[in-house]
Structures are given as C-alpha cells and as structure tokens.
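Comments concern the structure below.
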Amino acid sequence: MNFYHQIALTKIKGVGPKTARILLAQCGSVQEILETKASTLATIPGVNSKTAAEIASKNYQEATEKEIEFIKKHQIQVLWIANPDYPQKLKNCEDAPLVLYYKGNADLNKERVVSIVGTRNATNYGRHICEMLLEQLKPLDTTIISGLAYGIDIMAHKNALKQQIPTIGVLGHGLDRIYPACHREVASAMLQQGGLITEFPSDSNLDRQNFPMRNRIIAGMSDVTIVVEAATKGGALITAEIANSYNRDVCAFPGAIDKPYSAGCNYLIKTNRAHLIRDVKDLCYLMNWENQKVKEAIQLTLMPPELNEAQLYLYLFIQDKQQVGIDEISRYCAWPQSKLAMVLLEMEMSGHITSLPGKIYQL
C-alpha cells in the first residue's frame, strides 16, 4: 500500500472510519479495495451499493492528487493507522481515523497525555484554574491536548506554551486554515512546541458536525480529559462523554452552584461521569502519577467555590499582589466606593482576606 492509496481512501464519499475498517477486513489492503469491482464490494455486510459504486467510479483521483500536492508543499506528515508514529491511544478506539494529518514536533505517544477542555465563555475562575493547572503540570512531563477554540481551549494552549509544555491542537478542519483566525499566532507557536493535527483534508468545509468528530480525537489521544469550566450543554461535555465511552478517566473542577459555566462540571461530578479534582495533586492520586517534584511544586491555590464574580475578581488581584493598599485596589476595580467597601467587607467577614494597618489587604 502506498501513499496515494492511503489518501485516496479518505476522499471517497460514504467511506468513514468504520466502513473503511470493514472494507480493509474483507479486502486486506486499500489497494485491493480500490481495485475491487462495485458488484463485489456491495456484497460486503455494512457496505451499500451507493458506496460500492462510488469506490469503483475513481472519482477520488483528482482530489487525491491535489491533496498530495498540498501535503508535500507544506511538509505535512500523513499518519496511517498502522504507522508507529500514529497516536497509539487513539488507535485503540473503534472509530479512530485511518489517516491523520499532522504538523509539528511533539511526540504523539508521550507516556502522559492530558486533554483540557471547557466553555468558550471562560470566567476569571476558569482562567485562574488553567493558569494554576498548567503551572502544576510542568514537572509531570506531559503533553497537553485541546481544540484551539475560544475560552478554556486557547487558555490551555497559551499556558502550556508559557510553561514550555508540548501542546497539540486538534482541528475540526484541514491544515490549510486556522479557525478561529485570531488564534493563528498561538497556532504558529504551537508548531515549534507541540503541533496541529486533524483527520480532515485541506479542502474540507468548516461544517458544524466536524467539531464533535474533532472531540473524539481529543478524548482518544489522552489518558485523561479534564473539564475546567463548562455549561450543561456544549463541546466539553461531549468530549467528556466520548472519553467515558472509551473507558478513559475524566476529571472536572467543581464550581459555584449558581454559576452557569460551572453547571456542566458539577453535573459530571454529581452523576459520577467525572472525578472531582482541585489541583494536580488530586490528578496524580487518581492517575497514580506520583512524582516527588510535583509534591514539592504544588501549592493549593484553587479559589473557594462560594466566591461570587466580584469577590473572585478582587481575590485574584490581591493574590497576585500578595499585599495591596486600598488606593491601588480602587484604581484596579474602578467601582463606586460603596460597592468596593461592601465587597471588601463581605470577603473579610467570610475569612477570605484580612485587613492590615494602613488599609492594606492580603489573603
């Protein structure tokens, strides 16, 4: 089987990963599939006459040659499922793509691979968790996977780059574009410290159904999927469900009971679809990834879930400054004095901050 046949199989309408596996099991190789008569292919259980006719028509030839030209021009790796560089964790999933298109320098078969997913509408709480999580993951020698989407996904990639952790973006389209376009700069940096991978060829439409397909690759490539912040509906919960179906571990950070973008995480935990974690120490315990460097590095910095949005906004600022005066807090928040005084009082009464002489505050 050569390079041409591998690409050609992905260009045939009606032949997805499952149908392709059926054909391979019956025919033995892609070349045999492409050379078998339509009448014979149609007798294979799971292959209808329309798909058989499409294979025999050779309509895929022009598109295949165009794709090969694109691959060579942009130095893209084509990973056939039997290739040793193909992600072996994903290979074990029954609906794994037969071909992946990859550009980057990351090892796709790292011992520890973590996917991080969440809402596109991340709050300060979610942003803080991403920063903390990636900082704590650095000593673990992991690879970070996400979907290059808005919100938690791009934060996971950015913080991985900041911590010099390899990070791979799984795309819902071909490598001829970056979506969303505003993430192009991050994607470019990832090619030097990770990579971009997809099952979609260069001429693929940006269809809605591509993204759930993308999510199965995120889940399948990973040892564990971590949901940082999510609503009750959306791609993050789809990824978690897929990971569970693959018998992979799923973790979620709990959040406030009245916050919509914590509702999905709380639901996963409540229904035993995800393990509750608060930091990387909990993740290491769950995955049996005990590491002395991690134990020494971890400091529990997760925000108390009972903080409201205004309190969390102040909490993160004071945490960053360690000690800060009332004038600097006032300039940072730009709130009416009455609101600032009320929020500070609430946080002091609840024990989250303390007031020092000279109207200085610290956690």
Side-chain angles (χ1 to χ4, degrees), residues 17 79 81 86-97 99-104 106-110 112-120 122 126 130 133-134 137 142-161 165-175 178-180 183 186-187 190 194-200 204 206-230 233-253 264-265 268 273-274 283 287:
L79 302 176
I81 196 165
Y86 187 99
Q88 298 302 299
K89 296 178 177 73
L90 177 62
K91 181 179 178 179
N92 294 328
C93 304
E94 66 174 5
D95 56 352
V99 171
L100 290 171
Y101 302 95
Y102 174 58
K103 191 167 185 178
D107 180 1
L108 300 179
N109 287 295
K110 203 81 169 279
R112 295 171 177 174
V113 182
V114 177
S115 64
I116 299 174
V117 297
T119 177
R120 292 169 179 258
C130 276
L133 183 60
L134 270 302
L137 279 169
T142 61
T143 294
I144 304 301
I145 296 183
S146 197
L148 206 72
Y150 292 110
I152 296 299
D153 285 24
I154 197 64
M155 289 175 196
H157 292 308
K158 284 181 176 179
N159 281 285
L161 291 171
I165 301 171
T167 181
I168 298 169
V170 183
L171 308 182
H173 48 77
L175 289 169
I178 295 297
Y179 175 81
H183 295 165
V186 176
M190 290 166 64
L196 302 173
I197 196 166
T198 182
E199 69 178 303
F200 297 103
S204 300
L206 198 64
D207 295 328
R208 182 184 295 271
Q209 64 266 22
N210 290 8
F211 294 95
M213 293 175 68
R214 180 269 312 268
N215 293 345
R216 85 186 195 288
I217 297 177
I218 294 174
M221 286 182 66
S222 309
D223 297 292
V224 56
T225 293
I226 299 176
V227 185
V228 170
E229 193 176 34
K233 293 182 179 180
L237 262 66
I238 292 172
T239 307
E241 290 292 346
I242 295 170
N244 276 314
S245 74
Y246 291 159
N247 200 28
R248 305 290 169 82
D249 285 293
V250 178
C251 300
F253 282 89
C265 291
L268 290 172
R273 288 173 165 84
L283 177 67
M287 302 300 295

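Atoms CD1 and CG, from Ile226 and Leu283 in turn, are 4.5 Å apart once rounded to the nearest 0.5 Å. The line from CG of Leu90 to CE of Met221 is 7.0 Å long, rounded to the nearest 0.5 Å. To the nearest 0.5 angstrom, Leu79 atom CG is 12.0 Å from Lys91 atom NZ. Here Asn210 contributes atom CG and Leu171 contributes atom CG; the two are 11.0 Å apart, rounded to the nearest 0.5 Å. The structure places NZ of Lys158 at 12.5 Å from OG of Ser146, a figure rounded to the nearest 0.5 Å. Atom CD1 of Ile168 is separated from atom NE2 of His157 by 9.5 Å, given to the nearest 0.5 angstrom.
Not one N or O on the side chain of Glu229 forms a donor-acceptor pair closer than 3.5 Å with the backbone of Val227.
Nearest heavy atom pair, residue Val250 against residue Ala243, reads CG2-CB, 3.7 Å. Taking each heavy atom of Gly235 and Asn215 in turn, the nearest pair found is O-ND2, 3.4 Å. Nearest heavy atom pair, residue Pro97 against residue Ile81, reads O-CD1, 4.0 Å. Between Val99 and Tyr101 the shortest heavy-atom distance is CG1-CZ, 4.0 Å. Residues Thr142 and Leu137 share a closest heavy-atom pair of OG1-O, 4.2 Å. Between Leu206 and Gly172 the shortest heavy-atom distance is CD1-O, 4.4 Å.
Using a cutoff of 4.0 Å between basic side-chain nitrogens and carboxylate oxygens, Asp223 and Lys89 are scored as salt-bridged.
You'll find the side chain of Ile197 reaches within 4.5 Å of the side chain of Leu108, heavy atoms only. Side-chain contact check for Phe253 versus Cys130: every heavy-atom pair is 4.5 Å or farther apart. Residues Leu148 and Met190 have side chains in contact (heavy-atom distance under 4.5 Å, counting atoms from C-beta outward). Two residues are said to be in side-chain contact when any heavy atoms from C-beta on lie closer than 4.5 Å; Phe211 and Val170 fail this criterion. By the 4.5 Å heavy-atom criterion applied to side chains, Leu100 and Tyr86 are counted as neighbours. Contact annotation: the side chain of Ser245 never approaches that of Glu94 to less than 4.5 Å [non-hydrogen atoms, C-beta and beyond]. The side-chain heavy atoms of Asn159 and Ile144, taken from C-beta on, include no pair separated by under 4.5 Å. Ile116 is not listed as a side-chain neighbour of Ile145, based on a closest heavy-atom distance of 4.5 Å or more.
Among residue pairs with one or both ends in residues 234-243, those qualifying as salt bridge (Lys or Arg N to Asp or Glu O under 4.0 Å) are Glu241-Arg273; sequence neighbours excluded.
Residues passing the ring pair (Phe, Tyr, Trp, His ring centres under 6.0 Å) test with His173, sequence neighbours excluded: none. Partners of Ser115 according to the side-chain hydrogen bond (donor to acceptor under 3.5 Å, both in side chains) rule, which considers only residues two or more places apart in sequence or in another chain, are Ser222, Thr225. For Lys110, the side-chain hydrogen bond (donor to acceptor under 3.5 Å, both in side chains) partners are Asp141, not counting sequence neighbours. Residues passing the ring pair (Phe, Tyr, Trp, His ring centres under 6.0 Å) test with Tyr179, sequence neighbours excluded: none. The side-chain hydrogen bond (donor to acceptor under 3.5 Å, both in side chains) check on Tyr246 picks up Asp95, with sequence neighbours excluded.
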Steps toward side chain to side chain contact (heavy atoms under 4.5 Å, CB included) verdict (Leu133, Val114): CA-CA 11 Å; Leu133 183 60; Val114 177; over 6 Å; no
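Of the residues listed (Thr239, Ile242, Ile238), the one engaging Ile218 in a side chain to side chain contact (heavy atoms under 4.5 Å, CB included) is Thr239, and it is the only one.
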